[in-house]
A.B. asks: 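Structure below; questions to follow.
Keep in mind it's a predicted model, so treat the numbers as computed, not measured. Only this structure's heavy atoms are used, side chains among them; waters, hydrogens and symmetry mates stay out. Indexing begins at 1, ligand by ligand and atom by atom, following the structure's order.
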Amino acid sequence: MTKSATAIAHPNIAFIKYWGNRDHALRIPANGSISMNLSGLETKTTVTFDTTLDSDTLTLNENPVTGPGLERVSQMLARVRDMAGISTYARVVSGNNFPTGSGIASSAAAFAALALASSSAAGLNLEEKELSILARTGSGSASRSVPGGFVEWLPGDSHETSFARTFAPLESWPLADCVAVVSQAHKAVGSTGGHTLADTSPFQSVRVQDAPRRLEICRRAILEKDFSTFAEIIELDSNMMHAVMQTSTPPLMYWQPATLAVMSAVQAWRKSGFPAAYTIDAGPNVHVICPEGFQQQTAQRLKEIPGVLQVLQATCGGPAHLVE
Ligand code: DP6
């Protein structure tokens, strides 16, 4: 007997970043975070519970995956089996429509889509909050890809209280993300490893302590569509996270010369009145955020910077959802 469901989820870009955990196993974050889902970019995942299987299987972008990749997926499936009171193994088939190594975190969309598809296939009808909690256990940022639009992950202090919710609908402020890709190389230390190093930086406690203030400024700037306040706070937050990364033991240095070239170009544009702001995740590529009306110009300007290989574009996206 088989039971199947297919879900689509979007990646997201964090404006106030998640870096470091209070509980690594459960991914209870050190601080709250704010993000925007990215429309146009998506992961589509089909989960089929099949009584003839004797283990879980995973196919990603048409390639079979075993080892740690499959193990991480299997852990979420085990959680879902537990919740549904079933013991059947599942076949997971997943694909992204955006390139890996593009500076767009695929784990957020992947685990949001997996949480929705697997829980539905198992016959669970989870509410958005429960889905966000489930997605969080696979990848912290995936909690934010479950609700749509502008999202805040409330850090909480337990498994049940750490989840994300929409605080402004996607239509409320048309922003675009132009991703300046400066390297497609696989990063040496991914986010999961990076989170465990955060507390070795003497700056992490200061960054975490100040997080409620930055969250408040960012939330209000989004609600009031105040681009200049928004730009200042997201650049500050990104710089603070990278300061922690760069002062961890061992240090994590994600920036490359072209990363800095884009950062300083964006700051110069803003000084001259052009509305754009940068934010950078655990990699060298730069997300440049601007009002949708400036998207084409921003992408064009970025392409002219030496070292920028490619520019990907997205606007504000909706929630994870089931498809036929
Ligand atoms: C720098 O959610 O990718 O992108 O929970 O280990 O999968 P895991 O980490 P992940 O961390 C994201 C880190 C970040 C900032 C952010 O998206 O908030």
Side-chain angles (χ1 to χ4, degrees), residues 9-38 41 43 68-69 71-73 75-76 96 100-115 132-147 150-156 159 162-164 177 179 186-199 201 204 207-208 211 214-215 218 233-246 248 252-255 259 278-287 289 314 317:
H10 303 286
N12 64 75
I13 178 64
F15 298 142
I16 301 296
K17 308 282 190 192
Y18 154 48
W19 197 247
N21 287 313
R22 289 173 62 174
D23 181 324
H24 289 296
L26 282 175
R27 293 183 158 85
I28 311 293
N31 60 276
S33 52
I34 284 178
S35 63
M36 172 178 101
N37 279 356
L38 300 177
L41 310 174
T43 298
E71 182 50 34
R72 199 166 164 185
V73 163
Q75 273 174 18
M76 178 170 287
N96 299 329
T100 37
S102 59
I104 291 171
S106 53
S107 68
F111 283 98
L114 181 66
S132 175
I133 288 172
L134 176 62
R136 189 203 75 232
T137 63
S139 174
S141 55
S143 67
R144 298 188 311 240
S145 279
V146 171
F150 296 92
V151 170
E152 178 162 6
W153 176 7
L154 308 169
H159 179 58
S162 187
F163 62 93
D177 180 4
V179 190
H186 213 73
K187 48 194 173 198
V189 179
S191 321
T192 306
H195 290 298
T196 66
L197 298 179
D199 280 330
S201 166
Q204 171 71 347
R207 182 190 154 275
V208 168
R214 298 192 307 283
L215 286 162
C218 183
I233 201 68
I234 74 168
E235 290 186 357
L236 173 68
D237 188 82
S238 174
N239 291 345
M240 284 175 81
M241 180 182 74
H242 285 271
V244 167
M245 292 164 159
Q246 291 165 13
S248 294
L252 297 174
M253 177 58 83
Y254 288 111
W255 297 349
T259 311
Y278 68 76
T279 183
I280 303 162
D281 282 341
N285 302 322
V286 188
H287 292 252
I289 314 298

A.B. asks: Can you tell if the side chain of M36 reaches within under 4.5 Å of the side chain of V151, non-hydrogen atoms only?
C.D. replies: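 Answer no - side chains too far apart.
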
A.B. asks: Is there side-chain contact between N239 and H242, with heavy atoms separated by less than 4.5 Å?
C.D. replies: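 When only atoms from C-beta onward are counted, H242 and N239 do not touch, as no gap falls below 4.5 Å.
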
A.B. asks: Can you tell if the side chain of I16 reaches within under 4.5 Å of the side chain of C218, non-hydrogen atoms only?
C.D. replies: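 In contact.
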
A.B. asks: Give me the residue, atom name and distance of the protein heavy atom closest to atom 2 (O) of ligand 1.
C.D. replies: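 The closest heavy atom on the protein side is S141 OG, 2.6 Å.
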
A.B. asks: Please identify which atoms of ligand 1 are closer than 4.0 Å to at least one heavy atom of T192.
C.D. replies: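 Per the distance check, 6 (O), 7 (O), 8 (P).
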
A.B. asks: Quick one: does R136 get within less than 4.0 Å of ligand 1, heavy atoms only?
C.D. replies: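 Per 4.0 Å heavy-atom rule, R136 does not contact ligand 1.
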
A.B. asks: Would S33 count as a contact of ligand 1 if the rule is a heavy atom under 4.0 Å away?
C.D. replies: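 No, S33 has no heavy atoms under 4.0 Å from ligand 1.
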
A.B. asks: Would you give the length of the straight line joining atom CZ of R144 to atom CG of N37, rounded to the nearest 0.5 angstrom?
C.D. replies: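 Here the interatomic distance stands at 9.0 Å.
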
A.B. asks: Taking 4.0 angstrom as the limit and counting only heavy atoms of S107, give me the atoms of ligand 1 inside it, by number and element.
C.D. replies: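 With S107 as reference, the close atoms of ligand 1 come out as 3 (O), 7 (O).
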
A.B. asks: Starting from atom 8 (P) of ligand 1, find the nearest protein heavy-atom neighbour and note its residue, name and distance.
C.D. replies: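 Nearest neighbour among protein heavy atoms for atom 8 (P) of ligand 1, to 0.1 Å: R27 NE, 3.6 Å.
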
A.B. asks: Run the ring-centre check on W153 versus F163 and record whether the distance is less than 6.0 Å.
C.D. replies: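 Not close enough - the centres of the two rings lie 6.0 Å or further apart.
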
A.B. asks: Determine whether a donor-acceptor pair (N or O, by modelled atom type, separation under 3.5 Å) exists between the side chain of D237 and the backbone of K17.
C.D. replies: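 Side chain of D237 to backbone of K17, a donor-acceptor pair under 3.5 Å: yes, one is there.
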
A.B. asks: Under a 4.0 angstrom heavy-atom cut-off, which atoms of ligand 1 come close to S191?
C.D. replies: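 That gives atoms 3 (O), 9 (O), 10 (P), 11 (O) of ligand 1.
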
A.B. asks: Is there side-chain contact between R27 and T137, with at least one heavy-atom pair below 4.5 Å?
C.D. replies: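 Not in contact.
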
A.B. asks: Hey, which atoms in ligand 1 end up nearer than 4.0 Å to a heavy atom of M241?
C.D. replies: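 Heavy-atom distances to M241 below 4.0 Å select 1 (C).
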
A.B. asks: In the protein, what heavy atom is nearest to atom 4 (O) of ligand 1, and what distance, to one decimal place, separates them?
C.D. replies: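 Answer, as residue, atom name and distance: D281 CG, 3.4 Å.
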
A.B. asks: Name the closest protein heavy atom to atom 12 (C) of ligand 1, giving the residue it belongs to and the distance to 0.1 Å.
C.D. replies: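 So the nearest neighbour among protein heavy atoms is Y18 CD2, 3.9 Å.
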
A.B. asks: Judging by distance only, is a nitrogen or oxygen of G140 under 3.5 angstrom from one on ligand 1?
C.D. replies: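 N/O-N/O distance under 3.5 Å: yes.
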
A.B. asks: Looking at A282, which atoms of ligand 1 are within less than 4.0 Å of one of its heavy atoms?
C.D. replies: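 Within the 4.0 Å cut-off of A282, ligand 1 contributes 1 (C).
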
A.B. asks: Would one find an N or O of R72, backbone or side chain, under 3.5 Å from an N or O of ligand 1?
C.D. replies: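 N/O-N/O distance under 3.5 Å: yes.
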
A.B. asks: Need the ligand 1 atom indices (1-based, order shown) with element for anything under 4.0 Å from a heavy-atom of A14.
C.D. replies: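 The atoms of ligand 1 under 4.0 Å from a heavy atom of A14 are 16 (C), 17 (O), 18 (O).
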
A.B. asks: What is the nearest protein non-hydrogen atom to atom 9 (O) of ligand 1, stated with its residue, atom name and distance?
C.D. replies: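 Ranked first by proximity to atom 9 (O) of ligand 1 is H195 NE2, 3.0 Å.
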
A.B. asks: For S139, take its heavy atoms, then give the atoms of ligand 1 lying under 4.0 Å from any of them.
C.D. replies: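 Within the 4.0 Å cut-off of S139, ligand 1 contributes 2 (O), 3 (O), 5 (O), 7 (O), 8 (P), 10 (P).
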
A.B. asks: Less than 4.5 Å apart, side chain to side chain, heavy atoms only: is that true for V179 and V286?
C.D. replies: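 In short, these two side chains do not touch, never coming nearer than 4.5 Å.
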
A.B. asks: Side chain of S107, backbone of S139: donor and acceptor closer than 3.5 Å?
C.D. replies: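 Here the side-chain-to-backbone pair does not exist.
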
A.B. asks: Between M240 and W19, is there a side-chain heavy-atom distance shorter than 4.5 Å?
C.D. replies: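 With C-beta onward as the side chain, the pair stays apart.
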
A.B. asks: Does the pair H10 and T43 meet the rule for a side chain to side chain contact (heavy atoms under 4.5 Å, CB included), with working shown?
C.D. replies: CA-CA 6 Å; H10 303 286; T43 298; over 6 Å; no

A.B. asks: Looking only at protein heavy atoms, identify the closest one to atom 16 (C) of ligand 1 and say how far it is in Å.
C.D. replies: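 Of every protein heavy atom, R144 NH2, 3.4 Å lies nearest to atom 16 (C) of ligand 1.
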
